[in-house]
K.L.:
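One structure, as structure tokens, below. Some questions next.
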2 protein chains.
Amino acid sequence: MQSKPTTIKEIARILNISPSSVSRGLHDHPSIGAVTREKIKQLAKSLNYEPNKAAILFQKGKTYTIGVILPELSEHFFSIAISAIEDEAMKKNYTVIFAQSHDRYELEVKLVEKMKNQRVDGLLVSISKHTCNFDHFEKVNSFNIPVVFFDRIPPLKNVHYVASGLESATVKAVNYLLKKGHRSIGMINGPGTLYASEERKDGYKQAITFNRLKFDPSLVINCDLTEQGTIDAAEKFLKHKRKPTAIVAFNDYVALFLIKHFKKMNVIDDFDIVSYANLPIISYLDHAPVASVEQYPYLQGQKAVNILLDLIHSPNTENQAYYNTIVDADLIVNETNY
Amino acid sequence: MQSKPTTIKEIARILNISPSSVSRGLHDHPSIGAVTREKIKQLAKSLNYEPNKAAILFQKGKTYTIGVILPELSEHFFSIAISAIEDEAMKKNYTVIFAQSHDRYELEVKLVEKMKNQRVDGLLVSISKHTCNFDHFEKVNSFNIPVVFFDRIPPLKNVHYVASGLESATVKAVNYLLKKGHRSIGMINGPGTLYASEERKDGYKQAITFNRLKFDPSLVINCDLTEQGTIDAAEKFLKHKRKPTAIVAFNDYVALFLIKHFKKMNVIDDFDIVSYANLPIISYLDHAPVASVEQYPYLQGQKAVNILLDLIHSPNTENQAYYNTIVDADLIVNETNY
DNA sequence: GAAAACAGCGCAAACGTTTGATTAATTTTG
DNA sequence: CAAAATTAATCAAACGTTTGCGCTGTTTTC
């Protein structure tokens, strides 16, 4: 009942040739005659030969495996991104292993170490919310394992990354609201420490001043992204002397809390909301955001993995160039509103 | 700048002992003296020695890797399940590799083959919608690689699986609606080929007859789970001579389409809807389902991986017992309705 | 027609680790 | 005190594949 996988040695024994010839034959090496080559290939097929990957990996010192570390797989953005990574890696015959940092710095450090020990050929990372120190990645680099960051990227110069252009997307979002006639626009931003918050704020400012309006800092409220934090921010807007008529929410979760609260307060119709997409079904809500910033997680995943494979295959000479790829985010106007 | 990982050989050379002693020393083999053992361990630590996994795998013929094949990672249920699988495997020092079948039978076959070639120690599978033939799993079994199915399981006796008890959960759901006073309850079921459809139907029937009501087959409509299919089913209910006042939807997507259509038709208030949870934020909808069947994906993932590890570690003698684990699903009444 | 080129294949080492068999030195036993 | 047992370490093979080098015998070249 139990089968043992066929090996090159076995094929060699049956054909009365050397294992090396079999290996070369299977790889179309020129120094193997066409007749022998075909015999080898035929027998291999009929015996259902499959190269023992473990042996090849070991021999070549390559694993044909890329590691992915991200904060939380259950977040829609990441589940789509890793889906893309897997699809793309699969095409190139690479295997993906992954692990979640659950947004904890110490765990992330351990995972990076583990991936290194697994001898992954390269690493794709979206850093945890609380990662401020990046030495663990330096260590990986010193083992000549390339690292590409995506989405949540560190504020460093000398790294490869793929991220979305949140600043220009925010400009688009605010412009859209301005064009709709809004003159006082609020923004519920994330914690000030996040790079993503900075980008949103900069985009907001840029759009406001470009349209010759005055930037009012009190209209941009930092928030811890919890439900309570969102409610607090909402209340500030409701009591604001220049009560906004539109709000840019940090993400769909915030938008959700906001909508819930505004409905409860019976003021939902006083606001147009724009958000950054990460909950696919939010557009089904009754008072869904009028527009969403789409960050194309699938595309980001694709680009990140392709860059990584590039780095893996490029000669490991000192390549001084760093890939800094921005995936343009688009403003999607929600058509299903009725 | 570039480091080469430390090997056992190097440690042996430095300490002037044989590689085998180093290996045994690191593994606390009794035939290595305490002094030597400590010297070995110290040097290993200071040189940052990490065993070359590829070499060990190769040598032992084990990979300490489990493969996961599932239809679609972006489905919430699966993203949670694989998250659990990863967490649990991580604890036991196993690595997870995964691939998506995208609900295509041929791809699934290929992936199973690929996993086999990767020499995974075990396989966790949620089968594709269109898989009716299961020979590809037999093949894996013949290589002594255990397979545990979860959630979407094949209708076979001699397999290990973890799945949720949809039948009894459906009984609970229908009972709940009956207790709320509904006397005509519709069900939008999936395709008849799916085992999950059968279970739902059986549960429905059971609850109805147990409550001494007559089972009306025309109130259970099979549907292809698309938006149009859902609309067609909804229309049938609206024109039904015993127009139902409550509907059990196959899943949250169907519920979503249903709600959308009923709102458009302005009949949303005529219905109570119960669904099977897979969209976390559906409860935020204005006319959300009054209750949801929770299938505990995290728990299912956990159980599945633990069973698999059991099988991997159990002596590969003919273990005639099959793990058939049912994770009870619960009816969660949606409190946020107001 | 001798030298050079080439086609077709085998030999052997290498990758890092584990492990059964073996040896040598020491200690225990009767 | 010789024989037996124990301790501590080494040797060598093995896992499956790849690859540089070397070896034949044939064909081409001038």
K.L.:
For the pair A:Thr131 and A:Ser128, evaluate side-chain hydrogen bond (donor to acceptor under 3.5 Å, both in side chains) and give the outcome as yes or no after the intermediate values.
P.N.:
CA-CA 5 Å; A:Thr131 303; A:Ser128 100; 2.9 Å; yes
K.L.:
Not counting sequence neighbours, which residues clear side-chain hydrogen bond (donor to acceptor under 3.5 Å, both in side chains) with A:Tyr161? List them please.
P.N.:
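A:Tyr161 satisfies side-chain hydrogen bond (donor to acceptor under 3.5 Å, both in side chains) with no residue once adjacent residues are dropped.
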K.L.:
For the residue pair A:His160 and A:Tyr322, categorise the inter-ring angle as parallel (less than 30°), tilted (30 to 60°) or perpendicular (more than 60°).
P.N.:
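Because their plane-to-plane angle lies in the 30° to 60° range, the rings of A:His160 and A:Tyr322 count as tilted.
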K.L.:
Who pairs with B:Glu50 by side-chain contact (heavy atoms from CB on, under 4.5 Å), at least two apart in sequence or on another chain?
P.N.:
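side-chain contact (heavy atoms from CB on, under 4.5 Å) check on B:Glu50 returns A:Glu113, A:Asn117, A:Arg119.
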K.L.:
State which residues pass ring-ring contact (aromatic ring centres under 6.0 Å, His included) with A:Phe78; sequence neighbours excluded, sorted by chain then number.
P.N.:
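Checked A:Phe78 against ring-ring contact (aromatic ring centres under 6.0 Å, His included); zero matches.
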K.L.:
Evaluate the side-chain hydrogen bond (donor to acceptor under 3.5 Å, both in side chains) criterion for residues A:Ser21 and A:Ser18: first the C-alpha distance (whole Å), next the side-chain angles of each, then the deciding distance (0.1 Å), finally the verdict.
P.N.:
CA-CA 5 Å; A:Ser21 296; A:Ser18 76; 3.2 Å; yes
K.L.:
Which label fits A:His136 and A:Tyr105: parallel for a plane angle under 30°, tilted from 30 to 60°, or perpendicular past 60°?
P.N.:
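The rings of A:His136 and A:Tyr105 stand perpendicular, inter-plane angle above 60°.
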K.L.:
What salt bridge (Lys or Arg N to Asp or Glu O under 4.0 Å) pairs are there with at least one residue in residues 76-102 of chain B, not counting sequence neighbours?
P.N.:
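Every salt bridge (Lys or Arg N to Asp or Glu O under 4.0 Å) pair that includes a residue of residues 76-102 of chain B, provided the two are not neighbours, is B:Glu88-B:Lys91.
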K.L.:
Compute the angle between the rotation axes at the two ends of the helix from C:dG1-D:dC30 to C:dG30-D:dC1, each taken over five pairs, rounded to 10 degrees.
P.N.:
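Roughly 40°, once rounded to the nearest ten degrees.
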K.L.:
How would you list all residue pairs meeting side chain to side chain donor-acceptor pair (under 3.5 Å) that involve residues 56-66 of chain B, not counting sequence neighbours?
P.N.:
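Residue pairs with at least one partner in residues 56-66 of chain B: B:Lys62-B:Tyr94, B:Thr63-B:Asp121.
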K.L.:
Would you classify B:His27 as touching base, sugar-phosphate or nothing, given that sugar-phosphate means primed atoms plus P, OP1 and OP2, and contacts are heavy atoms under 4.0 Å?
P.N.:
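Sugar-phosphate contact only - B:His27 comes under 4.0 Å of backbone atoms but never of a base.
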K.L.:
Quick test of your reading: applying side chain to side chain donor-acceptor pair (under 3.5 Å), list the pairs with at least one residue in residues 68-82 of chain A, sequence neighbours left out, ordered by first then second residue.
P.N.:
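Counting only pairs at least two positions apart or across chains, the side chain to side chain donor-acceptor pair (under 3.5 Å) contacts touching residues 68-82 of chain A are A:Glu72-A:His102.
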K.L.:
How would you list all residue pairs meeting salt bridge (Lys or Arg N to Asp or Glu O under 4.0 Å) that involve residues 141-156 of chain A, not counting sequence neighbours?
P.N.:
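Sorted pair list: A:Asp103-A:Arg152.
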K.L.:
Using a 4.0 Å cut-off to any heavy atom of chain A, which nucleotides of DNA chain C are the first and last in contact, reading 5' to 3'?
P.N.:
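Endpoints of the contacted stretch of DNA chain C: C:dG8 to C:dG16.
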K.L.:
Provide the full list of salt bridge (Lys or Arg N to Asp or Glu O under 4.0 Å) pairs with a residue in residues 6-23 of chain A, sequence neighbours left out, each pair given once.
P.N.:
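Non-adjacent pairs meeting salt bridge (Lys or Arg N to Asp or Glu O under 4.0 Å): zero.
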K.L.:
Of the residues in residues 39-56 of chain B, which ones touch DNA chain D at a heavy-atom distance under 4.0 Å?
P.N.:
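Those residues: none at all.
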K.L.:
What one-letter contact string describes nucleotides 5-10 of chain D from 5' to 3', where B marks a base within less than 4.0 Å of any protein heavy atom, S marks contact via sugar-phosphate atoms alone, and - marks no contact?
P.N.:
---BBB
